[in-house]
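Questions regarding the structure given below will be posed in turn.
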Amino acid sequence: MPRRGPVPDAASVSYRQSGPTVPAGRREIGMWDAAGRAVGRLDYQLCHECRRGWIRNIAVAEHWRGRGLAREALHRALAPAAAYRWYTSRQTADGRRFFAAMTEETAVAFPAPFLARGARCPHMTARRARAGR
């Protein structure tokens, strides 16, 4: 089915990052269009002590896909921790293609958890980290 209406302009998207209130807590990068509507989100965790990153979920509204929003959000998440070991939650077929392209672009591997036992460190799995924002 063809898209109706104007094609969204990716340059008009703003990215807002929120950090955890506890070490290794959940973080989020929200993506918002020019009208202030949420168009995507990247949920992740970082543990600076263990030097690990965990991509929990990336979601982009269907009519915004293919415009580089998830790519930009991931670059923002990687910025303070590119040298860390990164992992992802389960990956869809689209997710596998996305993370393969991002691995090629960034030289950072993003294995899914079934490929990397112990992907999340104890700090990430602690009750406080799961609940913290």
Side-chain angles (χ1 to χ4, degrees):
M1 173 181 279
R3 292 185 181 155
R4 294 186 179 159
V7 175
D9 179 14
S12 68
V13 172
S14 64
Y15 297 83
R16 300 180 199 148
Q17 193 159 355
S18 62
T21 57
V22 296
R26 293 176 63 180
R27 299 165 184 252
E28 179 180 294
I29 297 174
M31 298 166 243
W32 306 87
D33 71 8
R37 295 176 295 232
V39 297
R41 185 182 76 242
L42 166 61
D43 293 318
Y44 67 107
Q45 286 179 271
L46 284 179
C47 179
H48 296 297
E49 185 174 334
C50 296
R51 299 180 57 79
R52 289 188 191 186
W54 173 260
I55 304 295
R56 299 174 60 84
N57 186 49
I58 299 178
V60 175
E62 187 173 343
H63 63 285
W64 282 92
R65 291 182 189 157
R67 291 177 173 55
L69 276 64
R71 177 184 172 275
E72 175 64 23
L74 187 58
H75 275 283
R76 289 170 184 252
L78 287 174
Y84 289 13
R85 291 186 327 214
W86 283 84
Y87 303 94
T88 69
S89 60
R90 290 179 283 158
Q91 297 175 4
T92 63
D94 287 341
R96 285 189 294 276
R97 285 189 294 276
F98 172 75
F99 284 112
M102 292 306 299
T103 294
E104 187 174 317
E105 182 175 318
T106 65
V108 174
F110 298 96
F114 62 88
L115 299 174
R117 297 225 183 267
R120 290 187 290 172
C121 73
H123 305 108
M124 290 179 181
T125 58
R127 184 176 180 182
R128 289 183 329 155
R130 286 193 312 266
R133 276 215 182 256

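For the single chain, residues carry numbers from 1 onward in sequence order.
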Query - Nearest atoms (heavy-atom pairs only) where Ala109 meets Thr103 - result: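 Closest heavy-atom pair between Ala109 and Thr103: CA-OG1, 3.8 Å.
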Query raised in the report: Is there a side-chain contact between Pro23 and Glu49 (heavy atoms, below 4.5 Å)?
Result: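 No, side chains not in contact.
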Query raised in the report: Any idea which heavy atoms bring Arg56 and Trp54 closest together, and the distance?
Result: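 For Arg56 versus Trp54, the nearest heavy atoms are CG-CD1, 3.1 Å.
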Query raised in the report: Do side-chain atoms of Arg65 reach the backbone of Val60 as a donor and acceptor pair under 3.5 angstrom?
Result: yes
Query raised in the report: Got Ile55 and Leu74 here, is their nearest side-chain heavy-atom distance under 4.5 Å?
Result: yes
Report task. Please work out which of the three classes, parallel, tilted or perpendicular, describes the rings of Phe110 and Phe99, given edges at 30° and 60°. Result ->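 If you compare the ring of Phe99 with that of Phe110, the planes turn out tilted.
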Query raised in the report: Rounded to the nearest 0.5 Å, how far does CD of Gln45 lie from OH of Tyr87?
Result: 14.0 Å
Requested in this report: List the atom of Cys47, the atom of Met124, and the distance in Å for their closest heavy-atom pair.
Outcome: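 The answer is N-CE, 3.7 Å.
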Query raised in the report: Linking I/L/V/M/F/W/Y whenever any side-chain heavy atoms sit under 4.5 Å apart, do Val108 and Met102 land together?
Result: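 Looking at the clustering, Met102 is in the same group as Val108.
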Query raised in the report: To the nearest 0.5 Å, how far apart are OG1 in Thr88 and CZ in Arg96?
Result: 10.0 Å
Query raised in the report: Heavy atoms, side chains only, cut-off 4.5 Å: are Arg71 and Glu105 in contact?
Result: yes
Query raised in the report: So, for Tyr15 and Leu69, which heavy atoms are closest and what is the spacing to 0.1 Å?
Result: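 That would be OH-CA, 3.5 Å.
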**Report entry** Check: Ala59 main-chain N/O paired with Arg41 side-chain donor or acceptor under 3.5 Å
**Finding:** no
Query raised in the report: Taking the side chain as C-beta and beyond, is there a heavy-atom pair between Ile29 and Tyr44 under 4.5 Å?
Result: yes
Requested in this report: Considering non-hydrogen atoms only, spot the tightest contact between Leu46 and Ala81 and give its length.
Outcome: CD2-CB, 3.8 Å
Query raised in the report: How many angstroms lie between CZ in Arg76 and CZ in Arg27, if you round to the nearest 0.5 Å?
Result: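 Rounded to the nearest 0.5 Å, the CZ-CZ separation comes to 15.0 Å.
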Query raised in the report: Taking atom CD of Gln91 and atom CD1 of Ile58, what is their separation to the nearest 0.5 Å?
Result: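 Between Gln91 CD and Ile58 CD1, I get 9.0 Å after rounding to 0.5 Å.
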Query raised in the report: Do Tyr84 and Cys50 have side chains that get closer than 4.5 Å, going by heavy atoms?
Result: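 Not touching, per the 4.5 Å side-chain cut-off.
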